[in-house]
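Contents: one structure, followed by commentary.
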Amino acid sequence: MTVKTRFAPSPTGSLHIGGARTAIFNWLYARRNNGKFVLRIEDTDRSRFTKESIDEIIGAMRWLGLDWDEGPVRQSSRLRVYQELARELLESGKAYKCYVTPEELEERRKAYLERGEVLRYKREWANENAHPDNSYSIRLKTPDDGIIEVKDILRGVVRFNADEIDDFVILRRDGFPTYNFAVVVDDADMKITHVIRGDDHLINTPRQALLFDALSYDVPKVAHVSMILGSDGKRLSKRHGATSVLAYRDAGYLSEALVNYLVRLGWSHGDQEIFSKEELIDKFTLDSLGRSPAVSNPEKLNWLNAYYIKKKPAKQLAELILPIMQEKGCPAQVDNKLAMIIEQLRERSKTLNDFVAQSSYFYADDIEYEQKAKDKFLKEENIPLFNTLIVKLTSIQKFNHSSIHKALEEVVNETGLKFGKIAQPMRVALTGGTVSPGIIEVAEILGRNKVITRLNRAISSI
RNA sequence: GUCCCCAUCGUCUAGCCUGGCCUAGGACAUCGGCCUUUCACGCCGAAAACAGGGGUUCAAAUCCCCUUGGGGACGCCA
């Protein structure tokens with residue numbers, strides 16, 4: 001049987017990294033087994049749904065490189081299917097109409113809660129006469145006692161007491177299915193073989209098992225993956241900063257780094273930390289998924305991102321960096337200069353934005369000095385040094401790495417200064433700060449004109 | 001409150017199923033050192049964990065029970 005998995009987000013917001021991770025797992029499992037991967041949009045709650053959210057989720061999936069073979073299928077386009085099936089359950093006596101209103105339910109729930117109890121709805125107000133307006137929801141008849149067993153790939157057999165499960169609504173009074181019902185119908189219709197989803201759904205599984213049974217469908221295999229927690233051990237939320245996938249993109253993370261990071265949160269393959277997408281597809285297995293919740297570790301993401309930036313072919317890096325630069329009004333273009341800058345900055349950048357931030361002095365017409373750097377290195381005593389540098393660098397025939405290097409060595413010999421004593425003032429003059437790539441490389445990239453101009457400017461600023 | 005899941009360095013994890021090879025391995029972060037023209041990179045090294053208590057066994061991180069702690073769920077949300 002062909003493996004078929006799905007990712008089924010509800011379009012009520014952006015795709016966050018927890019959802020992205022389960023999407024990745026499903027995608028990997030399908031790809032690993034030459035199966036199919038379905039994208040299904042669970043938009044059965046009209047009050048919470050937004051169109052922008054669908055677009056954003058799809059954009060995020062694409063950015064992550066997760067392609068799907070079917071869909072996106074919107075549940076809202078399948079209402080008739082759910083309604084028909086609900087009707088069948090009604091007719092066969094497995095479900096019944098419930099006339100109680102949501103308001104009444106809420107009141108009742110509150111009353112229970114005050115007594116320290118939880119309302120378990122078991123065929124209580126199914127009486128049509130009670131509500132002349134005749135609108136109703138449809139509830140599934142669930143067993144009053146006994147044990148419902150659920151088999152989970154990661155957790156083994158999990159048992160639930162039937163009396164803990166109420167007669168849950170499968171079709172709302174507005175004709176829309178509820179989550180559990182739509183999931184079961186769709187998973188069966190789409191012939192999903194493996195459901196990989198968040199831990200928070202484990203509790204829904206017995207309800208869905210009941211539905212699969214009532215509809216005489218085959219039950220897919222399920223694996224409940226633990227959730228991602230914030231650094232405080234609490235459920236991930238806006239409080240924890242960036243949680244949406246696209247926010248990571250905008251912060252300058254590479255998708256391959258995010259994917260690698262997310263996969264390693266709850267999955268492992270021995271001691272290996274770095275995985276290409278091909279390797280993941282080759283090595284991904286369900287049974288090496290972890291069972292315990294994982295706390296997000298942004299530092300490790302940074303490390304991975306830095307790693308992937310270091311490894312990325314310069315040309316591809318340029319393509320990613322250029323738009324960010326241009327957005328900042330930087331006149332960069334794909335040329336030899338950018339290539340040299342990439343060469344120098346890739347080792348010093350944790351994110352693409354980081355990279356761009358460090359590159360500004362290569363393109364700016366004029367630079368600003370950091371106060372501390374200026375105070376320390378742009379001093380009267382360095383004026384002769386700057387003058388010597390100007391003379392030497394002006395007299396160079398061909399302004400390149402080896403000639404600059406040679407010129408600086410001559411300055412070392414003539415002044416008797418240590419190289420560092422020359423490099424730092426020069427660095428401040430050329431970049432405005434005390435941190436940069438090697439000074440020879442900086443000078444070479446800048447070119448003679450800018451170097452001389454900036455040295456002169458350093459002198460006049462003293 | 002009830003039910004369900006989970007528990008190895010600060011964090012992600014290997015080892016657990018199929019007890020002995022574990023003096024518990026790797027990675028991030030941290031700290032030290034080397035390299036050095038600043039900052040990084042890189043390299044070398046250090047510190048750092050089997051939640052607690054009972055069993056079972058010749059032997060337990062590994063199996064069982066309890067406690068504790070964390071997470072999840074208890075919607076006509078998903």
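Values in this document were obtained by computation on a predicted structure and should not be read as measured data. Here is how names work: the chains are called A, B, and so on, in the same order as the sequence lines, proteins then strands, and each is numbered from 1.
A:Lys372 places its NZ atom 13 Å from the P atom of B:rC39, with the value rounded to the nearest Å. Atom CD1 in A:Ile228 sits about 13 Å away from atom P in B:rG72, given to the nearest Å. Between the CG atom of A:Asn161 and the P atom of B:rU2 there is a distance of 13 Å, given to the nearest Å. What separates CE of A:Met227 from C1' of B:rA78 is a distance of 11 Å, to the nearest Å. Rounded to an integer number of Å, the gap from A:Phe160 CZ to B:rC74 C1' is 12 Å. Rounded to whole Å, atom P of B:rA40 lies 9 Å from atom NZ of A:Lys350. Summarising the geometry, the separation between CZ on A:Arg155 and C1' on B:rA7 is reported as 12 Å, rounded to the nearest angstrom. The CD1-C1' distance, from A:Ile147 to B:rC3, rounds to 12 Å in whole Å.
Ring to ring, A:Phe181 and A:Phe168 are not that close: their centroids are 6.0 angstrom or more apart.
Side-chain proximity of A:Glu164 to B:rA78, B:rU2, B:rA27: nearest is B:rU2. Side-chain proximity of A:Val295 to B:rU11, B:rU13, B:rC74: nearest is B:rU11. Taking the side chain of A:Pro102 as heavy atoms from C-beta on, and the options B:rC4, B:rC12, B:rC76, the nearest nucleotide is B:rC76. The A:Ile439 side chain lies nearest to B:rU37 when the options are B:rA78, B:rU37, B:rC6. Considering only the side chain of A:Glu299, B:rA29 comes nearest among B:rC76, B:rA29, B:rA78. The nucleotide whose nearest atom lies closest to any side-chain atom of A:Arg120 is, among B:rG25, B:rU2, B:rC74, B:rC74. When distances are taken from the side chain of A:Asp271 to each of B:rG1, B:rG75, B:rG25, the shortest belongs to B:rG25. Considering only the side chain of A:Ile203, B:rC4 comes nearest among B:rC4, B:rG25, B:rG75. Residue A:Arg348 places its side chain closer to B:rU38 than to any other of B:rC3, B:rC12, B:rU38. For A:Asp200, taking side-chain heavy atoms from C-beta onward, the closest of the listed nucleotides B:rG72, B:rA14, B:rU11 is B:rG72.
Heavy atoms of A:His201 sit under 4.0 angstrom from at least one base atom. Note on A:Asp174: nothing from the nucleic acid sits closer than 4.0 angstrom, heavy atoms only. A:Thr178 comes within 4.0 angstrom of sugar-phosphate atoms only, judged by non-hydrogen atoms across all strands, and of no base. As judged by a 4.0 angstrom heavy-atom cut-off over every strand, A:Arg427 is placed among the base-contacting residues.
Taking atom P in both B:rA73 and B:rU30, one finds a spacing of 34 Å when rounded to whole Å. To the nearest whole angstrom, the two C1' atoms, one in B:rC76 and one in B:rG70, are 32 Å apart. Distance noted for atom P between B:rC35 and B:rC16: 42 Å (whole Å). Here, B:rA49 and B:rA61 have their P atoms 15 Å apart, quoted to the whole Å. Remark: the separation of the P atoms in B:rA27 and B:rG42 is 12 Å, to the nearest Å. B:rG20 and B:rC41 have their C1' atoms separated by 43 Å, with the value rounded to a whole Å. Taking atom P in both B:rG32 and B:rA24, the straight-line distance is 25 Å, to the nearest Å. B:rG33 and B:rG72 have their P atoms separated by 43 Å, given to the nearest Å.
A donor-acceptor contact under 3.5 Å is formed by the side chain of A:Arg173 with the base of B:rC76. No hydrogens or angles were tested; on distance alone, nothing pairs the side chain of A:Asn302 with the base of B:rA29 as donor and acceptor under 3.5 Å. The base of B:rG72 lies outside donor-acceptor range of the side chain of A:Asp199, with no N or O pair under 3.5 Å. Evaluation of atom-type donor-acceptor distances gives no pair under 3.5 Å for the side chain of A:Arg264 against the base of B:rU13. With hydrogens and angles ignored, a donor-acceptor pair closer than 3.5 Å exists between the side chain of A:Glu273 and the base of B:rG26.
Using bins of under 30°, 30° to 60° and over 60° for the plane-to-plane angle, the ring pair A:Tyr217/A:Phe212 lands in the perpendicular bin. The aromatic rings of A:Tyr96 and A:Tyr121 sit parallel to each other, their planes meeting at less than 30°, with 60° as the upper class boundary. By the 30° and 60° cut-offs, the orientation of the rings of A:Tyr307 relative to A:Trp303 is tilted.
Note on A:Arg139: every side-chain N or O is 4.0 Å or more away from OP1 and OP2 of B:rG75. Using a 4.0 Å cut-off, some side-chain N or O of A:Lys234 falls inside it from OP1 or OP2 of B:rG71. The side chain of A:Ser268 contributes an N or O atom lying less than 4.0 Å from OP1 or OP2 of B:rA14. Considering only side-chain N and O atoms, A:Ser292 lies nowhere under 4.0 angstrom from the phosphate OP1 or OP2 of B:rG70. Checking the phosphate oxygens (OP1, OP2) of B:rU13, no side-chain nitrogen or oxygen of A:Lys300 falls inside 4.0 Å. For the OP1/OP2 pair of B:rG75 and a distance below 4.0 Å, the side-chain nitrogens and oxygens of A:Arg109 include at least one atom meeting the criterion.
As the counterpart of B:rC21, no nucleotide is assigned, since no Watson-Crick or G-U wobble pattern has both distances under 3.5 Å. Under the Watson-Crick or G-U wobble criterion, with both distances below 3.5 Å, B:rA61 has no partner in any strand shown. B:rA27 and B:rU11 make up a base pair, with Watson-Crick or G-U wobble contacts both under 3.5 Å. Using Watson-Crick or G-U wobble geometry with both donor-acceptor distances under 3.5 Å, B:rU38 finds no partner in any strand shown. Searching all strands for a Watson-Crick or G-U wobble partner of B:rG32 with both distances below 3.5 Å returns B:rC44.
Of the residues near RNA chain B, A:Ser10 and A:Gly420, the one whose nearest nucleotide (by heavy atom distance) lies more toward the 5' end is A:Gly420. Of the residues near RNA chain B, A:Leu301 and A:Val169, the one whose nearest nucleotide (by heavy atom distance) lies more toward the 5' end is A:Leu301.
Between A:Ser403 and A:Ile396, the shortest heavy-atom contact is OG-CG2, 3.5 Å.
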Salt bridge (charged side-chain N to carboxylate O under 4.0 Å, His left out) between A:Glu256 and A:Lys277, worked out: CA-CA 8 Å; A:Glu256 53 266 51; A:Lys277 208 161 262 181; over 6 Å; no

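Screening A:Asp167, A:Leu90, A:Thr178, A:Leu89 for a side-chain contact (heavy atoms from CB on, under 4.5 Å) with A:Ile138, the sole residue that qualifies is A:Leu90. For the pairing with A:Arg6, the side chain to side chain donor-acceptor pair (under 3.5 Å) check across A:Asp187, A:Asn26, A:Asp186 returns one residue only, A:Asp187.
Between A:Leu389 and A:Ile422 the shortest side-chain heavy-atom distance falls below 4.5 Å.
Evaluation of the salt bridge (charged side-chain N to carboxylate O under 4.0 Å, His left out) rule for A:Lys151 yields no partner, not counting sequence neighbours.
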